[in-house]
Amino acid sequence: MIDFSAAPQLDLREQHFRIPGPGEGMSLFLRFLPAEDSGLRSRRAVLYVHGATFPSALSIGHRFDGKSWRDALVVAGFDVWGLDF
């Protein structure tokens, strides 16, 4: 099992959450990055769920030439959650 307790932050505003699972030693790890535009009337969220063997830090959070897909969604006003099993 991968230990996400010391997972590096990809962005200074990023928050980490761990949700206990149904069995011993099982949990979900979530990376959260809030939207840049907090002036929106209603909040919009994106939950990125990927394959079990590839973490969100290397998919939605990976930066190519300084920008990731997650960065683009945050700029567009979305709160972005990346789920790792």
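What's counted below: heavy atoms across the whole structure, side chains too, no hydrogens, waters or symmetry copies. This one's a predicted model, so the numbers in the text were calculated from it and none came from an experiment.
Checked by atom type and distance alone, the side chain of Arg13 pairs as donor or acceptor with a backbone atom of Pro34 at under 3.5 Å.
Arg31 approaches Ser56 most closely through the heavy-atom pair CD-OG, 3.4 Å. Here the shortest heavy-atom pairing between Pro55 and Ser59 reads O-OG, 3.2 Å.
Remark: Arg70 CZ to Asp11 CG distance equals 6.0 Å, nearest 0.5 Å. Note: Asp71 CG to Arg63 CZ = 4.0 Å, rounded to the nearest 0.5 Å.
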For this session: Show your working on side-chain contact (heavy atoms from CB on, under 4.5 Å) between His62 and Ser68 and close with a plain yes or no.
Result: CA-CA 5 Å; His62 186 74; Ser68 70; 5.7 Å; no
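Residues meeting the side-chain contact (heavy atoms from CB on, under 4.5 Å) test with Leu47, sequence neighbours left out: Leu30, Val49, Trp81, Leu83.
The cluster map of Ile, Leu, Val, Met, Phe, Trp and Tyr, joined by side-chain heavy atoms under 4.5 Å apart, puts Ile60 and Val74 in the same cluster. The hydrophobic clustering, which links ILVMFWY residues whose side-chain heavy atoms are closer than 4.5 Å, places Leu58 and Leu10 apart.
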